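In what follows, every chain begins at residue 1, and chains take the letters A, B, ... in the order their sequences are listed. None of these values were measured; they are calculated from a predicted model.
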2 protein chains.
Amino acid sequence: MNRTTVEELLMEYGIQPTAQRCVVTGYLLETDCHPTAEEVMRAVKDRLPCSLSRATVYNTLKLLVDKGLLQELSTEPGQTRYDANTGHHHHFVDRESGRIYDLEVDGEGIWISGFELPAEYKADHFKITFYGKVES
Amino acid sequence: MNRTTVEELLMEYGIQPTAQRCVVTGYLLETDCHPTAEEVMRAVKDRLPCSLSRATVYNTLKLLVDKGLLQELSTEPGQTRYDANTGHHHHFVDRESGRIYDLEVDGEGIWISGFELPAEYKADHFKITFYGKVES
DNA sequence: GTCTGTAATTAGAATAAGTCTAAATACAGA
DNA sequence: TCTGTATTTAGACTTATTCTAATTACAGAC
Ligand SMILES: [Mn+2]
Ligand SMILES: [Mn+2]
Ligand SMILES: [Zn+2]
Ligand SMILES: [Zn+2]
């Protein structure tokens with residue numbers, strides 16, 4: 001995804017497309033590894049002619065989450081991770097490597113049987129996280 | 001659950017039952033509110049004749065997790081919560097209050113239909129977290 | 001019952017993730 | 001070009017958690 005496409009995407013979401021925001025968004029769209037803010041910072045700072053502040057990375061990530069372009073993941077304590085895949089999907093955490101894999105849901109959607117959510121619990125969303133090992 | 005019962009439980013799990021550990025464990029067993037380390041600290045320090053160090057609370061929580069008496073929850077960034085319910089169960093997060101409710105799984109267990117875990121993904125565990133509002 | 005070595009606890013310092021602040025810079029619209 | 005607002009910046013600050021070095025508690029040996 002090139003520079004112009006990212007710019008257009010940001011504008012569609014009502015976000016002023018600055019160089020910093022483009023490069024952060026571009027990185028999150030192209031990676032599939034659910035990076036932390038720190039990882040975004042490292043990955044992205046060489047792509048800019050200028051310096052990049054930590055505050056800008058955090059502000060940008062928060063803005064993108066607010067506007068619905070990213071989702072936040074809390075799979076392990078002390079690390080917030082970011083995911084540009086905002087469709088309804090789930091995750092698999094490899095315990096050894098810590099890597100997080102996306103699990104896509106096909107057409108009809110997912111169905112959980114074997115227990116009832118009590119009537120007074122009105123859920124608007126759910127996520128499933130699997131833990132284990134990916135045998136390569 | 002009284003003092004002696006907690007002591008016996010800790011010993012069964014191979015944990016030397018000190019006063020601090022008993023009181024932390026006792027609190028987690030009696031509450032259903034998935035407290036943070038800070039909340040455990042506050043709730044528990046008056047139950048001891050002596051002072052209680054932050055380091056002890058964190059060490060104890062980690063020990064109890066290691067030995068399988070507690071599980072850690074990462075439902076929201078920046079807060080690790082603890083859960084003495086270590087059977088297979090799931091959670092409901094009330095977005096307004098932040099409160100976390102347990103969802104028990106009945107006899108036959110839970111079944112997820114609508115997508116396949118790829119063959120090379122060997123999962124030993126999964127958890128489901130629902131988000132929404134509890135209407136009281 | 002003491003002695004003694006190890007385990008546990010303590011207060012406070014150190015880290016690390018994330019937020020805030022105040023000043024500088026960029027930029028959209030007049 | 002001018003001007004006001006939005007964005008970015010470096011670094012201070014906060015908060016959750018971990019580490020450290022010294023003290024205290026305790027289990028087993030005598
Ligand atoms: Mn991070
Ligand atoms: Mn906490
Ligand atoms: Zn994902
Ligand atoms: Zn629970």
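- B/Ile15 places its CD1 atom 17 Å from the C1' atom of D/dC26, with the value rounded to the nearest Å.
- Looking at B/Arg81 and B/Glu76, a side-chain N of the basic residue comes within less than 4.0 Å of a carboxylate O on the acidic one, giving a salt bridge.
- Proximity note for B/Ser53 (side chain, C-beta onward) versus C/dT19, D/dA27, C/dA11: the nearest is C/dA11.
- Comparing D/dT8, C/dT10, C/dA8 by their closest approach to the side chain of B/Ser51 singles out C/dT10.
- In the model, B/Asp102 has no side-chain atom that pairs as donor or acceptor with a side-chain atom of B/His90 under 3.5 Å.
- In this structure, the CG atom of B/Leu52 is 15 Å from the C1' atom of C/dG12, given to the nearest Å.
- Closest contact between the side chain of A/Thr18 and the listed nucleotides C/dA28, C/dT19, D/dT8 involves D/dT8.
- Comparing atom distances between the B/Ala55 side chain and each of D/dT17, C/dG12, D/dT9 picks out C/dG12 as nearest.
- Aromatic pair B/Tyr131/A/Phe126: centroids not less than 6.0 angstrom apart.
- When the nucleotides D/dT17, C/dT10, C/dT19 are ranked by their closest atom to the side chain of A/Lys62, C/dT19 comes out on top.
- For A/Thr80 and C/dA17, the shortest distance from a side-chain N or O to OP1 or OP2 is not below 4.0 Å.
- B/Asn59 places its CG atom 15 Å from the C1' atom of D/dT24, with the value rounded to the nearest Å.
- In this structure, B/Glu7 atom CD and D/dA27 atom C1' are separated by 15 Å, rounded to whole Å.
- Taking only side-chain atoms of B/Tyr58, from C-beta outward, the nucleotide of C/dT10, D/dT17, C/dT19 with the closest atom is D/dT17.
- Note on B/Arg21: a side-chain N or O is less than 4.0 Å away from OP1 or OP2 of C/dT9.
- There is a side-chain donor-acceptor pair under 3.5 Å between A/Asp83 and A/His91.
- Rounded to an integer number of Å, the gap from CG of A/Leu61 to C1' of C/dG18 is 11 Å.
- Rounded to an integer number of Å, the gap from NZ of A/Lys45 to P of D/dT8 is 17 Å.
- Taking atom CG of residue B/Leu48 and atom P of nucleotide C/dT9, one finds them 10 Å apart after rounding to whole Å.
- In this structure, B/Thr60 and A/Tyr82 both approach DNA chain C, and ranking their closest nucleotides by distance from the 5' end singles out B/Thr60.
- The aromatic ring centroids of B/Tyr121 and A/Phe130 lie 6.0 Å or more from each other.
- For A/Arg54 against D/dT9, a side-chain-to-base donor-acceptor contact under 3.5 Å is absent.
- A salt bridge does not link A/Arg54 to A/Glu38: none of the charged nitrogens lies less than 4.0 Å from a carboxylate oxygen.
- Along DNA chain C, the nucleotide closest to B/Val57 and the one closest to B/Pro77 are compared, and the more 5′ of them pairs with B/Val57.
- Distance from the side chain of A/Gln16 is smallest to C/dC27 among C/dA8, D/dT17, C/dC27.
- At C/dA26, none of the side-chain N or O atoms of A/Gln20 fall inside 4.0 Å of OP1 or OP2 (strictly under the cut-off).
- Atom C1' of nucleotide C/dA17 and atom CZ of A/Arg81 are separated by 13 Å, given to the nearest angstrom.
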